[in-house]
Amino acid sequence: MKNILLELKDISYVKEKNLILNKINFKINSGDKIALLGKSGSGKTTLISILNGTIKPTKGEVKYFNKRYKELDVNQKQKITTIWQDLRLIEGLSAEQNVNCGLLGKRSFYFAFKNLLNIASFKRAHKYMQSCKIPQSIYSKEINKLSGGEKQRVAIARSLIQESEILLADEPFNNLDPKLITLIKKLLLTHENKNNIQTPSTGLVSLHRLDLLDGFNRVLGIKDGEIFFNLERIKLKKSHLDEIY
Amino acid sequence: MRKLKLNHTSISFLPIIVCIPLAYQILINFHFGGFELFQEFIISAFNPEINNEIIITVFKRLNQTLVIALFSWLISIIFGVIFGILSSNIFYKIFNIPVFFYNIIKFFLTIIRSIHEIIWGLVLMQIYGINFSIGIIAICIPYIAVNSKVFAEQLETIEDKSFDAINQIHGPKFSSFLTLIWNRIVNTFKNFGLYRLECAIRSTVMLGLFGIGGLGTSILLSFQTLNFRELWTYLWSLAILIILSREIIKKIKFNNLNKNLSILLTAVFFTTILFTFSYFLYFIFNSSSVDFYSINSLFKSSSDLVFLDFLKLIIDTIILSLLSTAIAISLPPFVIGIFNNNTSRIPIRFLAFLLRLIPPPVLILTLLTFNNPSLSLAALTLGLHNAGITSKLLFTNLDSQDKRNYIAMKSLGASKNTSWLLGLFSQQAKSYLAYCAYRSDIIIRETAIVGVIGSVGLGSQLQESLSSFAWQEVITVLIAYSIIAIVGELINGKIKTSLT
Ligand SMILES: Nc1ncnc2c1ncn2[C@@H]1O[C@H](COP(=O)(O)OP(=O)(O)O)[C@@H](O)[C@H]1O
Ligand SMILES: [Mg+2]
């Protein structure tokens, strides 16, 4: 039997009287690489926010490692990391300081303080930044002075440095050029533990582009807040895609 | 007949009407006796006394002023940050503390803020005697509350999204919290905190006029001996000090990614906290006897205040703030609009600079040379001083404004003044009024200064009650001040939100 990490049971979410998610059911098993497809406005971001516990569903139940969110201890909560669609980096801090923020969960307050004073160690951050192909010249640049693609990679590095088990990535390939997309996708999807770099074993990635589906084992199609299909990637047909786009 | 339509431009000009009753009362109270003195005062401005002796004194006095100002600035910024954090909702959100405490701290800070540093100074001096550290404490009390309000306002702008993102990393709560607020604190310090040094210098000088020492005390002494040339030496050196401090602050390239600077600032931060706390403890334990005495006398003293008289004082104070605000709002656009050419701009700017430079108590004392004390005179003083401040803002904004409308109107044949009014000022009017609403908060508190010197409203009562150790009366006056300031702030807040 497969190990179920996350499970959504009859999830509905209502915001300002609009039904944004409607009776969503699905499971994420250990080792899954799920592509979440759907038009803009279909509810992908909302679904990801429910999965990482930042918003509570109006109806239904979310199980994390077979527990409810409240019952999780900090270690279990740290097993989930998110790359946000709007990045949510901290302004006024440098790229490397932002990546170091990903270490807050594993380190003490003293580290956080040193990081803000810019006197913390950046060795680990640099490793992850390097693997995200962030050029060395911008490590210490302030985040507002970076280009969209550079910021995107900083956000990815901040998420990976958390060394979580489950990665929730919301359109992580925005602003990246084709070569980088291939590279970053490989980084996000292959569970590796080399060069002191550890990538998540399980992932759910929302995206738009259908040419990027190889490497995923399952595909989830969402439209108007409802799941239209949830199948193995090899079983995906053109008719499925026509349904949601 | 067409109705007069009120828009932001006309609202900016309308309050100038108050000048009519004001001028009337001032004319009645006019006496020529001291007019020569006034003339001498003006002439001395261009002929300050300069010799070795006075330069040495100036340096000594500047030194004292600077020490008080620097310490009160530093302490009030640091504790402003701390109380700002304690009165920002993000703190309560992260640590899950009941909002009850948030409300209590906010309330406490609002009360403290509502009373001007001069009043704190007068009260503390009466209890503990004139003392170097009383100056610092008197400035720090309201400054901490004002600073904490500004810091808290900035912390409230942290988005829920950033909060969620950092929270999602599930680090220690203090780590997440500090990471979230760090940049806001640093930026507020850069944009607002550094500028507060200038305010602290001005407040120190003002307290000096009431005896705390430094430049202000020298200014007062030279005024009392009618030595105007000496007076102006001190005033000009104050100007130099303020301009210098402003330039130095502009020069500081404050980069929060600079390691050494960060370490230095942190060291200063903690040393100041430690120092302040130990001093605070020392202060409490050493003056416990005085404390006890004054609390005792609070209950023993009886109040001679008759309710109706008291009501009149309150109304006087409110009228005083309204009149001063009216002058501060409409005088600058009026004068700048009428004398709208390049040659008259320079003297107007210079005059505005002088009005800002001369502390209101000195201003009112000079006006008192040829006028009997009256509410109008106090209002004029406070209004002129603040008009100096609002006009500076107006000039800066007008300078940076797009001139195309103005040029277009002039080329269409409109007169210079009309084009200025409709082409330039009308676009400024809204933001100018919003700033004036903010300024009005300060004016209300400053009524205390001219009140004490010019014997108007609650200020005069405060002076009287303090000198007769009638503590109950003092408390009553303080509460009245506080209520007026808080109500005023609420009204101004409503006006501001409707303007922005
Ligand atoms: N804060 C919000 N308030 C109200 N409606 C929202 C909010 N956020 C998203 N929505 C609505 O929810 C729906 C799904 O949004 P979202 O989850 O962001 O979709 P996607 O990520 O697939 O583009 C959209 O119709 C959007 O308008
Ligand atoms: Mg989205």
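- Ring-plane geometry between A:Tyr69 and B:His170 is classed as tilted, the angle between the planes lying from 30 to 60 degrees on a 0 to 90 degree scale.
- In this structure, CG in A:Leu116 is found 4.5 Å from OG1 in B:Thr179, a value given to the nearest 0.5 Å.
- The part of A:Ser108 that comes within reach of chain B is its backbone (N, CA, C, O), which places non-hydrogen atoms under 4.5 angstrom from that chain.
- Within the 4.5 angstrom heavy-atom criterion, atoms from both the backbone and the side chain of A:Phe113 approach chain B.
- More than 12 heavy atoms of other residues, nucleotides or ligands shown are found within 6.0 angstrom of NZ on B:Lys403.
- Residue pairs meeting the salt bridge (Lys or Arg N to Asp or Glu O under 4.0 Å) criterion with at least one member in residues 95-124 of chain A, sequence neighbours excluded: A:Arg124-A:Glu163.
- Here B:Leu178 contributes atom CG and A:Leu117 contributes atom CG; the two are 8.5 Å apart, rounded to the nearest 0.5 Å.
- Interatomic distance, A:Leu103 CG to B:Ile169 CD1, rounded to the nearest 0.5 Å: 9.0 Å.
- In this structure, CZ in B:Phe163 is found 12.0 Å from CZ in A:Arg88, a value given to the nearest 0.5 Å.
- Atom CD of A:Gln198 has more than 12 neighbouring heavy atoms from other residues, nucleotides or ligands inside a 6.0 Å radius.
- How far CH2 of A:Trp84 is from CD of B:Gln168: 5.0 Å, rounded to the nearest 0.5 Å.
- A distance of 4.5 Å separates CD1 of A:Ile119 from CD1 of B:Ile263, quoted to the nearest 0.5 Å.
- Proximity to chain B (any heavy atom under 4.5 Å) is restricted, for A:Gln162, to the side chain, taken from C-beta onward.
- Without hydrogens or angle criteria, B:Asp164 side chain to A:Thr54 main chain gives no donor-acceptor distance under 3.5 Å.
- No part of A:Asn75 comes within reach of chain B, as not one of its non-hydrogen atoms sits under 4.5 angstrom from that chain.
- B:Ser175 and A:Leu104 make their closest contact through CB-CD2, 4.1 Å (heavy atoms, listed as atom of the first residue, atom of the second, distance).
- Enclosure of atom CD in B:Glu247 by more than 12 non-hydrogen atoms of other residues, nucleotides or ligands within 6.0 angstrom is indicated.
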